[in-house]
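See below for the structure under consideration.
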Number of protein chains: 2
Amino acid sequence: MDIHIEDVARSTGVSTATVSRALRNLPGVGEETKKRVLDTAQALGYNPSPTASSLASGRTHSIGLVQPDMSRWFFGKILESSERTLREAGYDALVYSLPDYLGPVRQRFDPTVLKGKVDGIIVLSLFFDPEEERQLRSLGVPVVFVSVQQPGFDFVGIDDEETAARACRHLITMGHKHIGHLSGQTNDKCPVAPTQRRRVGWLNTLRRFRLESAPELDEAVTIMTASNGYLATQRLLARRPDITAILSSSDEMAMGAMQAIHEMGLTVGRDISIIGIDGHDLSPAFGLTTMAQPVSQEGICAAKLVLNHIEHPAQPRTEVYPTTLAEHRSVGPAPRP
Amino acid sequence: MDIHIEDVARSTGVSTATVSRALRNLPGVGEETKKRVLDTAQALGYNPSPTASSLASGRTHSIGLVQPDMSRWFFGKILESSERTLREAGYDALVYSLPDYLGPVRQRFDPTVLKGKVDGIIVLSLFFDPEEERQLRSLGVPVVFVSVQQPGFDFVGIDDEETAARACRHLITMGHKHIGHLSGQTNDKCPVAPTQRRRVGWLNTLRRFRLESAPELDEAVTIMTASNGYLATQRLLARRPDITAILSSSDEMAMGAMQAIHEMGLTVGRDISIIGIDGHDLSPAFGLTTMAQPVSQEGICAAKLVLNHIEHPAQPRTEVYPTTLAEHRSVGPAPRP
DNA sequence: CTGAAAGCGCTTACAG
DNA sequence: CTGAAAGCGCTTACAG
């Protein structure tokens, strides 16, 4: 009952080779022949079998999207824009979530599960150890890393250190002297996570302005969720009640921090100021001032890079996007002592 | 350089048929033979070509996940739990985002893009018109609908009307008499969206308690985002300043509503109470009281249903999950006039 | 329990 | 510009 390429060939009175070429708009088919093939295919409602054409051509027209957790805003946002870009180009998006991606020990990822299934890969916020990297390369398809830079591969992201530094300067400009920091932890596989670079940006800025930069001003969580930010803020403020401003390495953590501050009977933006990083869609509703990154653009860029490398192999490229201060009510002037 | 089934067969001294059977643990292979095949395959590092096996078997071991927008919390959460369930069962997740999924006219979706690519489909929050449904059925694979029920198909979701009714009763219990509603619009393809059922639950409850239920207490938005909730709330409260409580058809809208209330100089939970529906991960941080649905469980259930139908075709099933009131600070007693 | 062989439905040198 | 035919790498009746 299904229409196959042979049916189209017979109906048109040509060979399957010609049908195949005409349908894919390859050169070497007469204009008139091509038109007849297209019309017949249309009339019969012919859809080429994707598996058959993959097996024969060696191309799957799928891109693998490897990431930690789709339910987190940042990943969902990137996936969304990447997927649309891929689809417009005729590619499918195969998503893979990694288990236990954070914490001190991350589970090993075996890229072999992608073998033969994708023509390219986009990896979000993950750093691969040498063994994983070896297996990844053995797949023989282009790979683009987003957020976390893997040496020797394409990268799309922001300047984490500079972004955190600007966030910190904003707090300093508002008169704050005791500025805490909420950071994430690294794990065995990822020694240079964005959260560490952001921490450096915060620390260096404090030093440059000759403000206190004691380790106890920094509080690290495992996964940068709102609830972990909430708990971390309680610990931080219990330890250092003199803190008047907090720089959070992520917006979601910052949102949890705002809750903690509120529950302490303090007012965010008056008693304690807080600034996040990411530009979460809900930050305006939260009133959270943040350093926004152009997340959708990064997702589109990653998709374009990987597609481009499929057609034209090239040297790894690095695309760094600018971040912008999005002011809301969570940052105010430092309170008078 | 790649290892193929023939290499394994030759090395083991058996036929490719035996290798194929042994590797898939099919009956009819001697224990000892099977072990030798497995060892050889392991030693050679053999990975069967997924495209070849798909073409030969007619099974893709992929499930299509069709949804409006991965960057929205609810969809990301469902996708995340579905994907993990599918992967554990050895299936890949192919995601598709629909353009223009809301608003008065939704773009038509042609399920044919999934033809030959998936063994089953999960559809989130979408209702298909007769033509789309026809094309969907012609794919010949099981389909599970989540959130929006499509007659004749599997369904996983909640009792929207009852959930909204309980949310409304909670407000009434707190003494509120003038209760507004934030709802979403339907479109040409979806006459019975959850948002409409929730609206009915709100309306019927008001009537049952003989409270005012004028149309002007309801404000509808196109897409139920925080920013639309923000604007809708401004309109609603400008029109009816006597409202003391709002039931929002989604948490994200409710978050925007809280921002609007705050900016009017009012305090959420004191001057105006608000309750949402969904159980958004950020609702505790927001202090938003909500009727929580077990989103991850729903995603897991959808995956299990579709996998089950692949093996055992069966009558459509309907799985309705309970919702629970999650109290935070956005709902308080009605203020004395 | 095992194997030879056809077949899944395309694509792609190769020849003309 | 077009076609005959091999080939992509598996799976699956069928026969023994």
Side-chain angles (χ1 to χ4, degrees), chain A residues 1-38 40-41 44-62 90 92 112 115-119 139-140 310, chain B residues 1-38 40-41 44-62 90 92 112 115-119 139-140 310:
Chain A
M1 70 142 285
D2 261 14
I3 310 294
H4 298 149
I5 196 170
E6 295 231 27
D7 305 315
V8 180
R10 205 176 316 116
S11 269
T12 320
V14 296
S15 70
T16 60
T18 298
V19 174
S20 177
R21 293 190 190 103
L23 256 31
R24 286 176 302 146
N25 209 25
L26 293 185
V29 182
E31 274 311 316
E32 207 253 332
T33 312
K34 180 185 294 186
K35 186 175 176 341
R36 275 171 48 222
V37 170
L38 263 46
T40 315
L44 295 179
Y46 170 63
N47 291 110
S49 154
T51 24
S53 97
S54 288
L55 181 58
S57 70
R59 302 268 301 252
T60 63
H61 282 271
S62 291
D92 289 324
T112 308
K115 186 158 192 174
K117 292 178 179 172
V118 296
D119 296 336
L139 262 39
I310 291 171
Chain B
M1 66 142 286
D2 261 14
I3 311 294
H4 297 149
I5 197 170
E6 295 231 26
D7 305 313
V8 180
R10 204 176 317 115
S11 270
T12 320
V14 295
S15 70
T16 59
T18 299
V19 174
S20 177
R21 292 188 191 105
L23 256 32
R24 285 176 302 145
N25 208 24
L26 293 185
V29 182
E31 273 311 316
E32 208 254 332
T33 312
K34 181 185 292 184
K35 186 176 176 338
R36 275 171 47 224
V37 170
L38 263 46
T40 315
L44 295 179
Y46 170 63
N47 291 110
S49 154
T51 24
S53 97
S54 288
L55 181 58
S57 71
R59 300 268 301 255
T60 63
H61 281 272
S62 292
D92 289 324
T112 309
K115 187 159 194 175
K117 292 179 179 172
V118 296
D119 296 336
L139 262 39
I310 291 172

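- Taking a pair as Watson-Crick or G-U with both hydrogen-bonding distances under 3.5 Å, the stems of three or more pairs touching DNA chain D are C:1-3 with D:14-16, C:5-12 with D:5-12, C:14-16 with D:1-3.
- No side-chain heavy atom of B/Arg21 sits under 4.5 Å from any side-chain heavy atom of B/Val14.
- We find the OG1-CZ distance between A/Thr51 and B/Arg59 to be 13.0 Å, quoted to the nearest 0.5 Å.
- Heavy atoms of A/Ser54 sit nowhere under 4.0 angstrom from any nucleic acid atom.
- Taking 4.5 Å as the limit, every side-chain heavy atom of A/Val19 sits out of range of all side-chain heavy atoms of A/Glu6.
- Note: B/Asp7 CG to B/Thr16 OG1 = 11.5 Å, rounded to the nearest 0.5 Å.
- The two residues A/His61 and A/Asp119 have their closest heavy-atom pair at N-OD2, 2.7 Å.
- Nucleic acid contact for A/Thr51: none, since no nucleic acid atom lies under 4.0 Å from a heavy atom of the residue.
- Using a 4.0 Å cut-off on heavy atoms, the residues of residues 17-25 of chain A that approach DNA chain C are A/Ala17, A/Ser20, A/Arg21, A/Arg24, listed by number.
- We find the CD1-OG1 distance between B/Ile5 and B/Thr18 to be 9.5 Å, quoted to the nearest 0.5 Å.
- Two residues, B/Val29 and B/Ala52, neighbour DNA chain C, and the one matched to the more 5' nucleotide by heavy-atom proximity is B/Val29.
- For B/Thr60 (side chain) and B/Lys117 (main-chain N/O), a donor-acceptor pair under 3.5 Å exists by modelled atom type.
- At the heavy-atom level, A/Gly30 lies under 4.0 Å from the strands shown only through sugar-phosphate atoms.
- Reading DNA chain D from its 5' end, the first and the last nucleotide to sit under 4.0 Å from a heavy atom of chain A are D/dC1 to D/dG9.
- Under the 3.5 Å distance criterion, the side-chain polar atoms of A/Ser54 are matched with a main-chain donor or acceptor of A/Pro50.
- In this structure, B/Leu44 CG and B/Arg10 CZ are separated by 10.0 Å, a value rounded to the nearest 0.5 Å.
- Taking each heavy atom of B/Thr12 and B/Arg36 in turn, the nearest pair found is O-NH2, 2.6 Å.
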